[in-house]
Novice: 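Pasting in a structure now, in structure tokens, and then I'll have a few things to ask.
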Number of protein chains: 2
Amino acid sequence: MTTVGQPGGDTPGGTEQAWLAAYDPRAFAPIAVTVDVVALTIRQRADGGGKALHVLTIRRGGMPYEGFRALPGGFVRAAEDEDLGQAAVRELAEETGLSALGAAGEGGAPEADSAPSDAPAPRLHLEQLGTYGTPGRDPRMRVVSVAYLAFAPDLPEATAGGDAAAAAWLPVDALDPSELAFDHARILADGLERARSKLEYTALATAFAPPEFTISELREVYETVWGEPLHAGNFHRKVLSAPGFVEDTDTTTARGGARGGRRARLYRAGGASLLHPALLRPSREENQ
Amino acid sequence: MTTVGQPGGDTPGGTEQAWLAAYDPRAFAPIAVTVDVVALTIRQRADGGGKALHVLTIRRGGMPYEGFRALPGGFVRAAEDEDLGQAAVRELAEETGLSALGAAGEGGAPEADSAPSDAPAPRLHLEQLGTYGTPGRDPRMRVVSVAYLAFAPDLPEATAGGDAAAAAWLPVDALDPSELAFDHARILADGLERARSKLEYTALATAFAPPEFTISELREVYETVWGEPLHAGNFHRKVLSAPGFVEDTDTTTARGGARGGRRARLYRAGGASLLHPALLRPSREENQ
DNA sequence: GCAATAGTGTCTCTTAGACAGTATGAG
DNA sequence: CTCATACTGTCTAAGAGACACTATTGC
């Protein structure tokens, strides 16, 4: 500690005062850290209008934004040495009862993808989305919120372990952004864009599908997340041409479509996490 | 506040205790929030070995990790209503004296790209990289660190406004990861991978180049960041075929290469932020 | 002149997308 | 049989990469 003015680093460290403050954050950084989760799944619309991308929301029971919908989330439990990703899993479990899920892809960095190692099909994909800490985003105090993005296959009603009245899956296209508390509309929008983009170059679409699925079901995942129809024949060929995307089970569905049709072959998720070649979205007009 | 058990949301809100705690985080979440910056630039190696990708580091002057190198960073100043991105800019300015830079691309989400609006060439690109909050990453207390990634053109020596002895640009390939404090080796690795990946599908390579540059200089950026040589002819054609990537200035360099050669045409950054088609890295073998 | 650098032409292979055709099963 | 769904063949256009060639300049 000689001529150092602002060594910075992970702590203040510079002046003696700042150094001491580092040992007592209570006197230095009154910032709360929370975790919010954008949990996405594909399920039937409640009004029977076919399948749609749904996001898990809870209804707020207190001020501020009382009565608004919000993303599930809550404080990181620092006293229990809880990791950020663990906190996200816990919040999700409290709202949906989906515990005992092998959360894949958890890591400090948002881009860190899961290496499936040996588990054939991780049941839940979780990745860091981003951190939102604009002053004033919570009217009460300074809150920095680490947002996570979760991809889940169709789950039981979102109330098993949590509060039945508050939690609900809502179709993202029928959700009024102004209905969401805090800056959760922004977080949701970022999560949706990330999800849509990730389907292009990763095999994560399988995380929305049951353990065994047909190519048509996989296509439905893409169509639902991207919100546009895809050419069935070309999609089929492209999926099978990407090595490791899907793996043949040598079985077929028990019967064809409701109104006739051939039995479809069943596949499970393959070992690859990155798609090569990628499945790019159509309709990417001009940029800028 | 009727039957709600775990409304969650952005705050505890559930029980009365938790609700009250939300108003006094000092008693609830003793977590410090810091910002760390992975600042990258391309500059001449000190030993004369050509150009290389450099990262800005400081030398720690206090415990823990005294004498180690670390990424510039420090506490978010909650009392001053400082945004996370502002904190990153401030830390960078304190170490390098590069103030008055139009920081582009700042936002809550890491993927949010800058819309250059009307400024022709933003001088510094800044984006959120990810948040690192594993318990124990700082031996003294619970620290959650929001990491930012900055791309800068070749800057004056990294000491203008800060501490001359502590700050230094180091070539990333000559940096021993175990020389870095905390989990900064991991953060740096994530930042490098993000940078390499972003060159593929965005026009950010121009952020490493001077306001006017030749195609060869742009190619040198790619070669330096990716660490592999590119085919000059094909690169040339691909850059010019991506609309909005570069814009012709109708001028050329004053003279050709040192050992002869044609004068090169000068370009400036175009309006596009996303490249179409993308410039993919070679050597992406098999995945998984 | 020669060597070096900038830039273009052209060929082949792969992929995307359009479209049409075949295979199979439910009613 | 008819229609729906699964799957395959084929053609065209565009991009990637290899390679060769032309253009221009310093020495």
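Residue numbers start from 1 in every chain, and the chains themselves are labelled A, B, ... in the order their sequence lines are given, proteins ahead of strands. Just the heavy atoms: all of them, side chains too, but no hydrogens, waters or symmetry mates, feed the values below.
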Novice: Quick check against the 3.5 Å criterion: does B:R263 have a side-chain atom that pairs as donor or acceptor with the backbone of B:R265?
Specialist: no
Novice: Run through B:T202, B:L279, B:L274 and flag the one making a side chain to side chain contact (heavy atoms under 4.5 Å, CB included) with B:F245.
Specialist: B:L279
Novice: Under 4.0 Å, counting only non-hydrogen atoms across every strand here, what does B:S216 touch: a base, just sugar-phosphate, or nothing?
Specialist: sugar-phosphate
Novice: I need the B:L188 CG to B:D183 CG distance, nearest 0.5 Å.
Specialist: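 Here the rounded value is 11.5 Å.
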Novice: Among A:N234, A:V239, A:L240, whose side chain to side chain contact (heavy atoms under 4.5 Å, CB included) with A:R237 holds?
Specialist: A:N234
Novice: Can you give the first and last nucleotides of DNA chain D, 5' to 3', that have an atom under 4.0 Å from a heavy atom of chain A?
Specialist: D:dA4 to D:dT10
Novice: Can you give me the closest heavy-atom contact between A:S241 and A:K238, atom names plus distance?
Specialist: OG-O, 3.0 Å
Novice: Tell me yes or no: between the side chains of A:D190 and A:Y132, is some donor less than 3.5 Å from an acceptor?
Specialist: yes
Novice: Ignoring hydrogens and geometry beyond distance, is a side-chain donor-acceptor pair present between A:S216 and A:T214 at under 3.5 Å?
Specialist: no
Novice: Apply ring-ring contact (aromatic ring centres under 6.0 Å, His included) to A:F208 and list each qualifying residue two or more places apart in sequence or on a separate chain.
Specialist: A:F151
Novice: Starting at the 5' end of nucleotides 14-27 of chain C, put B wherever the base has a protein heavy atom under 4.0 Å, S where only the sugar-phosphate does, and a dash everywhere else.
Specialist: --SBBB---BBBSS
Novice: In this structure, how many angstroms lie between the P atom of C:dA6 and the CZ atom of B:F213, rounded?
Specialist: 14 Å
